Amino acid sequence: MKHLLKDLDPFTETKIVGMYAKCGSLEDAYKMFDEMSERNLYAWSAMIGACTRERKWDEVVELFYLMMMEDGIVPDEFLFPKILQACGNSGDVETGRLIHGVVIKCGMNFQLRVNNAILAVYAKCGFSDLAKRFFDSMVLKDTVSWNSIITGYCQKGELEKARRFFELMREEGFEPSLVTWNILISSYSQLGKYDVVMEMMIEMQSCGILPDVFTWTCLISGFAQFNRKTEALECFEKMLLARVQPNDVTLISLLSMYASLKDLKKGRELHAWALKAGFGENLLVGNSLVDMYSKCAKVEAARQVFDMMLARDMYTWNSMIGGYCQAGYCGKAHDLFRKMRESDVKPTVITWNTLISGYMQNGDDDQAMDLFQRMEKDGHIKQDTASWNALIAGYLLTRNKDKALGIFRQMQSLCVKPNSFTILSILPACANLIAAKKVKELHCCVLRRNLDCELSVANSLIDTFAKSGNIKYSRTIFNSLLAKDIITWNTLIAGYVIHGRAVDAIELFNDMSHTELKPNRGTFVSVISAYGLARMVGEGNRIFSRMIEEHHISPCLDHCAAMVNLFGRSGMLEDAVDFINNMTIEPNSSIWAALLTASRVHGNIELAVYAGERLLELEPENALIYQLVLQLYALSGIPEDSFKAKEPRKMKDAKECLGWSWIEDENTVQSFVGGSQCQQINWVMHSWIKHMAPKSKRSDLSNGLPVEEEESEALSGVHSEKLAFAFALSKSSSASMCMRVVKNMRMCKGCHETAKFISNTYRREIYLCDSKCLHHFRDGHCSCNDYW
DNA sequence: CGTACCTGAG
């Protein structure tokens, strides 16, 4: 290959380079091109054409700048559109504007082809106003110009405007072409507006225009986007019936749908079809197949396709590496990664992130961290937000909240911008009472980055604020939203239920019925719970029936547990038992736990024993339940040796059966363990706690049965939450400060009384989340209405 | 010149 061009005249040189660019590999063409003694417009055009064929838009733009700067050659009316096409496809509006200026300067601004290409850049890049102004300034227009301006409005989602220009176009005497119809059909299809699409299909054909491969592929990819399998396949069949040959894009639209649905059977069928139809050597189809098999957990099949492929690009490698990671074979993924680095396709930021995420998901954070650090040094690729997100999501998966939050902090200190993925993974980690401050910080971060316009982020904030004890903020965000989905409503309704605010929850449910949104399973769980809180058994029963009959939702375990609570709160224990006996699904532990709470609060010890035994059957390993059943036996006089259950697993750590409480204090978390002498609390407070400790005897039925923690503090020492209360009171005297405490076990009745007392005497609001419920104490009352 | 487009975080 070397010096192939030696001693040739410029004309022959150009011809040879042109041939290589057209038929050979891009790499070879570059080699020849660099050897040329004199590079003229045609040589540059050949190179740019070669890059265009391989969709290397950035390289096209780079070649353009080199051509202008190094050789001082200005493109002609054929080359300008090629470069502009690259600008449009890579979103490079800057270069587009620059070319716009050059075109005016060299008097080419009357060339329709060139003007259309400039217009297309503005339209594709979403600058519809700029496009409109340019369009208006064009003296000569054709159908292509109209198509571009319509594309511009479609790109920005302004379909009504696009439609208006479509009409205007006809009025001005330009008949919409097949492409024009395709542009509109495609846009409506991507938005899932299938009724409009079908109307347009009919109208188009009545104009004598038959759908082509683009039209059908637009339809198929529109259905595929929303995982509408049957419709997509139907279109594919109709297309074949109409004798329109599908192309690679048609196939990859379907394959990517089967991949995301993990429909291996259909995927295989299409694979076979593709081979028969002669797509066996197609790069894009191959890539989609590797991805499909990877997502369907068939890595061997994916690898087979991978190995058979004649050419591979970054998609091929990334999909295969991702497949190995997904399957848990990080080692194999890493081997392939090494091979990729030796190949002519270099790892991209996605490759590195895929591998980092793979190691994190498989619990190897050392390897992941190593790669994270090496990607910049060895790979010359800067970590992006997704790289950081991979670490955060990984740590959260292994319940390593502190590490995840640490990474998040580091990310912020290095000024890496968090995106909605970051926020959506970090927020749930802060959905507790001792992270209230952190949640407010995150909210600020969301506002700064304008992430609140994403509904999923807003929904998550509503949820997190509720769980961190700031339901007011949840409401504020809810009210500020212009568009709400069913999740938005469900989240706030559930938030009110958590806070014991039944009336607000029910009111909100009624508000929702005035929208066009239909309540779903989750909505009904919350609403039944709300009626339970309000002790409106009749209403609760009615909504349960309406759910089944009017909304055709079959009750699941969560609905049933809510129903048991509904009866239980109102003391209708027989109804609760009847309900359980008539359940069509097998009760789980949350059903029996609900019955246990009901019988405990209402003092029915036999029923409590019954529920406790069922609970133990389902969770024989659970030492806390074991202990509880023993206590119940003692209270009801059943001899302990009649205990049929086998010994539960031993507590690994004494910590597990101790009562712990946590409170947030100046950005750190203070922990308290029951019965300890607390150094953080001064002696005045300590004596105050002792004074506060109720002089209750060992609990009896009227006092509620003990569940987890020994009620008598004379035996076990002062409970942890009291230490936390004392600490909080001694830290600040401001009554405006509310206390937020998290506790690992269910509160005992005595501490519950103490909290009520403090909330009244010291005018302090207290939020306390125990293992059963969120208590909100104010003015001597608790939001749980003494039922928990 | 204008239309469909495969890989990574929820």
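Fair warning: this is a prediction, and the values are worked out from it, not measured in the lab. A, B, ... follow the sequence lines: proteins, then strands. Residue 1 opens every chain.
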(message) Within the supplied structure, the quantity of interest is the number of heavy atoms (other residues, nucleotides, ligands) at a distance under 6.0 Å from R97(A) CZ; does it exceed 12?
(response) no
(request) Indicate, with a heavy-atom threshold strictly under 4.0 Å, whether T215(A) touches base, sugar-phosphate, or nothing. (result) nothing
(message) Are W146(A) and F166(A) an aromatic pair, judged by ring center distance below 6.0 Å?
(response) no
(request) Determine the contact category for D384(A): base if any of its heavy atoms lies under 4.0 Å from a base atom, sugar-phosphate if only primed atoms, P, OP1 or OP2 are that close, otherwise nothing. (result) base
(message) So, using side chain to side chain donor-acceptor pair (under 3.5 Å) as the criterion, who are the partners of H443(A) when residues are at least two apart?
(response) none
(message) Under the salt bridge (charged side-chain N to carboxylate O under 4.0 Å, His left out) definition, can you give me all pairs with a residue in residues 292-303 of chain A, not counting sequence neighbours?
(response) D291(A)-K295(A), R303(A)-D307(A)
(request) Please list residues of residues 197-205 of chain A whose heavy atoms come under 4.0 Å from any atom in DNA chain B, ordered by number; otherwise none. (result) none
For residues 76-88 of chain A, which side-chain donor-acceptor pairs fall under 3.5 Å, sequence neighbours excluded?
{"unit_1": "D76(A)", "atom_1": "OD1", "unit_2": "F78(A)", "atom_2": "N", "d": "3.1"}
{"unit_1": "D76(A)", "atom_1": "OD1", "unit_2": "L79(A)", "atom_2": "N", "d": "2.8"}

Extract all donor-acceptor atom pairs below 3.5 Å that involve side chains of residues 231-242 of chain A and protein atoms in other chains or at least two apart in sequence.
{"unit_1": "E231(A)", "atom_1": "OE1", "unit_2": "R228(A)", "atom_2": "NE", "d": "3.4"}
{"unit_1": "E231(A)", "atom_1": "OE2", "unit_2": "R228(A)", "atom_2": "NE", "d": "2.9"}
{"unit_1": "E231(A)", "atom_1": "OE2", "unit_2": "R228(A)", "atom_2": "NH2", "d": "2.9"}

(request) Using a heavy-atom cut-off of under 4.0 Å over every strand shown, decide if T354(A) touches base, sugar-phosphate, or nothing. (result) sugar-phosphate
(message) Over all strands shown, is S357(A) touching base, sugar-phosphate only, or nothing at heavy-atom distances under 4.0 angstrom?
(response) nothing
(message) If the condition is side-chain contact (heavy atoms from CB on, under 4.5 Å), which residues does Q410(A) pass it with, not counting sequence neighbours?
(response) W388(A), I407(A)
(request) May I ask you to say what K295(A) touches in the nucleic acid, namely base, sugar-phosphate or nothing, with a heavy-atom cut-off under 4.0 Å? (result) sugar-phosphate
(request) Describe the nucleic acid contact of D248(A) in one word from base, sugar-phosphate, nothing, applying a heavy-atom distance below 4.0 Å. (result) nothing
(message) Base, sugar-phosphate or nothing for L284(A)? Non-hydrogen atoms, less than 4.0 Å.
(response) base
(request) If a pair satisfies salt bridge (charged side-chain N to carboxylate O under 4.0 Å, His left out) and one of its residues is in residues 123-137 of chain A, list it, with sequence neighbours excluded. (result) K132(A)-D136(A)
(message) Taking salt bridge (charged side-chain N to carboxylate O under 4.0 Å, His left out) as the cut-off, I'd like each qualifying pair that reaches into residues 380-396 of chain A, sequence neighbours left out, listed once.
(response) E376(A)-K382(A)
(request) Just call it for N247(A): base, sugar-phosphate, or nothing, with non-hydrogen atoms closer than 4.0 Å on any strand. (result) base
(message) Just to be sure I understand the rule, does N353(A) reach a base, reach only the sugar-phosphate, or reach nothing, if contact means heavy atoms closer than 4.0 Å?
(response) base
(request) Looking at every strand, decide which applies to S177(A) at a 4.0 Å heavy-atom threshold: base, sugar-phosphate, or nothing. (result) base
(message) Both F421(A) and D313(A) contact DNA chain B. Which one's nearest nucleotide lies toward the 5' end?
(response) D313(A)
(request) On DNA chain B, reading 5' to 3', which nucleotide is the first and which the last to sit with an atom under 4.0 Å from a heavy atom of chain A, could you check? (result) dC1(B) to dG10(B)
(message) Under 4.0 Å, heavy atoms only, any strand: does A120(A) hit a base, just the sugar-phosphate, or nothing?
(response) sugar-phosphate
